[in-house]
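Here the structure is a predicted model, which means the values were calculated and not measured. Values below: every heavy atom of this structure, side chains too, minus hydrogens, waters and symmetry copies. Each chain gets a letter, A, B and so on, in the order its sequence line appears, and its residues count up from 1.
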Amino acid sequence: MLDLKLVRSDPDRVRDAMKKKGQGIDLHKLLELDRAARETRTSVEALRHQRKQWNPKKIQGYLAEVLAGRSSLADVANGVLDLPENQPILAQIESGVLELGQGAGQILGVLGRRRKAELAQLEKELAELDLKVRDMELHIPNFPHPSVPVGQSAKENRVVRECGVKQEFRFQPRPHWEIARSLAMIDFDRAPKLAGSGFILFTGPGARLERALVNFMLDLHTENHGFREISGPVLVNRDCMLGTGQLPKFESDMYRIESDDLFLIPTAEASVTNIFRDEILDEAELPIYLTAFSNCFRREAGSYGKQTRGIQRVHQFDKVELVKFVHPDTSYDELEKLLETAGKVLDLLELPYRVLLLCTGDMTFASAKTYDLEVWAPGMDSWLEVSSCSNFEDFQARRARIRFRGQDRKVKFVHTLNGSGLALPRIVAAILETYQKEDGSLAVPRVLRPYMGGLEKISPTG
RNA sequence: GGAGAGGUGGCCGAGUGGUCGAAGGCGCUCGCCUGCUAAGCGAGUGACUGGUGUUGAGCUGGUCCGAGGGUUCGAAUCCCUCCCUCUCCGCCA
């Protein structure tokens with residue numbers, strides 16, 4: 001979410017950003033609604049203010065003034081005592097039928113009921129306007145950072161660098177699904193019996209490789225990169241999804257538990273970033289680095305037939321996520337560091353990869369700048385996205401109200417970042433295709449061996 | 001699932017239907033004092049938001065006491081629903 005004041009004062013910048021990102025809203029309409037809401041708010045607040053001025057003692061005081069002849073009705077309480085409905089009450093007080101206190105009470109009732117009716121209508125209008133403004137606000141994408149290339153599709157992403165060397169094979173490298181099948185690491189035949197297609201059933205060495213990767217990555221990030229490990233729910237509520245920007249736009253992309261209105265997280269970002277929702281942190285606590293392993297769930301509706309061969313695109317996968325909460329001044333340095341942190345995993349696994357700077361049109365809704373890491377998969381002769389590292393600046397922080405108190409005592413929004421470190425199935429695919437041997441066996445990457453009981457090679461068992 | 005207790009500011013914790021954004025404390029900020037530190041003394045210290053404006057100075061309003069409804073002229077305070085926390089019981093991986 002952007003600062004509405006900024007949207008008001010510089011709508012052209014917002015229009016430009018929406019155009020570059022290829023998504024957005026009718027800004028003119030938003031500004032109209034916003035203006036109407038503010039006008040209505042002014043009226044509502046004036047009425048409320050007046051109402052707050054009234055209490056029995058005050059009214060009684062006014063009446064005493066009037067009865068003593070020191071003031072006229074029109075002169076006290078902004079003249080509101082001078083209503084026709086009040087005349088009979090005043091007459092009763094004067095004639096001694098009502099005591100002063102009782103009379104004041106009745107008059108207060110008259111004033112209050114009149115004001116209540118006036119307010120009810122306006123408050124309803126205001127609530128409706130606020131809701132519309134809020135809804136539109138939530139659909140404005142984040143500004144892309146000036147360093148992000150402008151473009152419409154993935155074709156215009158920029159390759160920043162390539163790391164590692166693609167190895168030469170003396171044989172035709174096979175795709176990972178063939179290797180996984182022959183080594184009994186993934187059971188493609190029985191998996192659909194459990195939850196349909198798009199779910200992976202790792203078996204034997206495949207399952208162990210998965211677990212080894214998870215442990216390796218978590219150890220690396222906690223021991224060498226300063227991250228604190230988190231293990232949280234994979235189901236989160238609507239507020240969380242709103243906070244990180246999955247909602248309201250992407251509801252249909254997620255699995256939802258209807259009975260409790262909870263969502264299966266598409267990424268641990270959704271649970272981890274929301275840990276500090278509605279909090280005011282201390283500046284001294286920043287930066288905060290968190291890492292979490294989680295299962296991730298994506299409906300991937302409409303993507304059938306596209307890159308779905310093997311384990312490239314599935315409904316459930318495992319991922320180690322990296323999340324940072326940082327001071328706004330440092331967030332772009334932190335993004336570069338995050339990219340290195342994620343890349344380190346691939347370096348150590350000795351898998352060649354490339355770094356992409358996403359163009360404006362290929363970035364997500366909430367991101368200001370995103371780098372993708374793509375690992376080389378020789379069997380498929382293609383690059384696979386295994387990490388996406390983004391700086392959201394204050395976009396998520398504003399939605400989720402994650403703030404910090406600066407040294408100047410002022411409250412500001414933190415900047416949030418996250419990156420995969422890394423997504424597992426595609427790493428498994430890359431390992432299978434990269435470490436395959438001509439005899440059909442698979443070498444175990446050196447850094448994973450301690451996590452696999454010293455195993456150096458996985459061979460077909462027949 | 002059943003019974004009970006509770007949810008108040010950065011934190012802890014008072015609060016009788018009207019002047020309560022809310023006592024007190026802690027923390028924090030500034031100042032004093034102390035040859036350092038601690039303690040002590042004094043002052044200040046919520047968030048969000050409308051208007052105005054020297055456009056995040058100042059001034060002036062409004063909202064917020066778990067969330068949402070309701071009663072009332074008026075609700076932190078009374079009623080209802082929901083959520084969450086704690087204690088006890090039951091059930092269970």
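Atoms CG (L108(A)) and C1' (U19(B)) sit 14 Å apart, rounded to a whole Å. When rounded to the nearest whole Å, the span between CD of Q50(A) and P of G50(B) equals 23 Å. Residue K5(A) contributes atom NZ, which lies 14 Å from atom C1' of U52(B) at whole-angstrom precision. In this structure, the CZ atom of R398(A) is 16 Å from the P atom of A47(B), given to the nearest Å. Spacing between atom CG of L4(A) and atom C1' of G50(B) amounts to 12 Å, rounded to whole angstrom units. Spacing between atom CG of N237(A) and atom C1' of C84(B) amounts to 11 Å, rounded to whole angstrom units. Between H49(A) atom NE2 and G50(B) atom P there is a gap of 18 Å when expressed in whole angstrom units. Put simply, CZ on R51(A) is 11 Å from C1' on U72(B), counting in whole angstrom units.
Comparing G24(B) with G15(B), their C1' atoms sit 11 Å apart, to the nearest whole Å. Rounded to the nearest Å, the gap between the P atom of C84(B) and that of U71(B) is 27 Å. Remark: the separation of the C1' atoms in G13(B) and G21(B) is 16 Å, to the nearest Å. The separation of C48(B) from G9(B), taken at their C1' atoms, amounts to 13 Å, rounded to a whole angstrom. Of the P atoms belonging to G68(B) and U63(B), the separation is 15 Å, rounded to the nearest Å. Rounded to whole Å, the C1' atom of U55(B) lies 25 Å from the corresponding atom of C64(B). To the nearest whole angstrom, the two P atoms, one in C82(B) and one in A3(B), are 12 Å apart. Straight-line distance between the C1' atoms of A57(B) and G10(B): roughly 25 Å, to the nearest whole Å.
Within the 4.0 Å cut-off from OP1 or OP2 of G18(B), not a single side-chain nitrogen or oxygen of K52(A) is found. The side chain of R48(A) contributes no N or O atom lying less than 4.0 Å from OP1 or OP2 of G61(B). Taking only side-chain nitrogens and oxygens, R8(A) comes nearer than 4.0 Å to OP1 or OP2 of G50(B).
Among the atoms of the strands shown, only primed sugar atoms or phosphate atoms (P, OP1, OP2) are found under 4.0 Å from some heavy atom of R403(A). Among the protein residues, R35(A) comes within range of no part of the nucleic acid, since none of its heavy atoms lies under 4.0 Å from any strand. R405(A) comes within 4.0 angstrom of the backbone, heavy atoms only, and of no base.
Side-chain contact of T364(A) with S367(A): a donor-acceptor pair under 3.5 Å is absent, judged by distance alone.
Of the candidate nucleotides A47(B), U72(B), U49(B), U72(B) has the atom nearest to the side chain of K116(A).
With the nearest nucleotide of RNA chain B identified for both A46(A) and R38(A), R38(A) has the one nearer the 5' end. For the pair K412(A) and V44(A), nearest-nucleotide mapping onto RNA chain B gives the more 5' position to K412(A).
In R35(A), the CZ atom is crowded: over 12 heavy atoms of neighbouring residues, nucleotides or ligands sit closer than 6.0 Å. No more than 12 heavy atoms of other residues, nucleotides or ligands sit less than 6.0 Å from atom NZ of K344(A). Few gaps surround CZ on R15(A); more than 12 heavy atoms of other groups in view lie less than 6.0 Å from it.
For Y255(A) and F263(A), the ring centers sit 6.0 Å or farther from each other. Taking the six-membered ring for Trp and the full ring otherwise, F395(A) and F365(A) have centroids separated by under 6.0 Å.
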Dot-bracket, RNA chain B: Watson-Crick or G-U, under 3.5 angstrom, [ ] crossing, | other strand?
-> ((((((((.[[[..)..(.....]]]((((((.......))))))(((((((.....))))))).[[[[[..)....]]]]])))))))....
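With hydrogens and angles disregarded, a donor-acceptor distance shorter than 3.5 Å links the side chain of R426(A) to the backbone of Q312(A). Judged by distance alone, with hydrogens and angles left aside, the side-chain atoms of N142(A) form a donor-acceptor pair with the main-chain N or O of F392(A) at under 3.5 Å. Between the side chain of T203(A) and the main chain of A184(A), a donor-acceptor pair closer than 3.5 Å is present.
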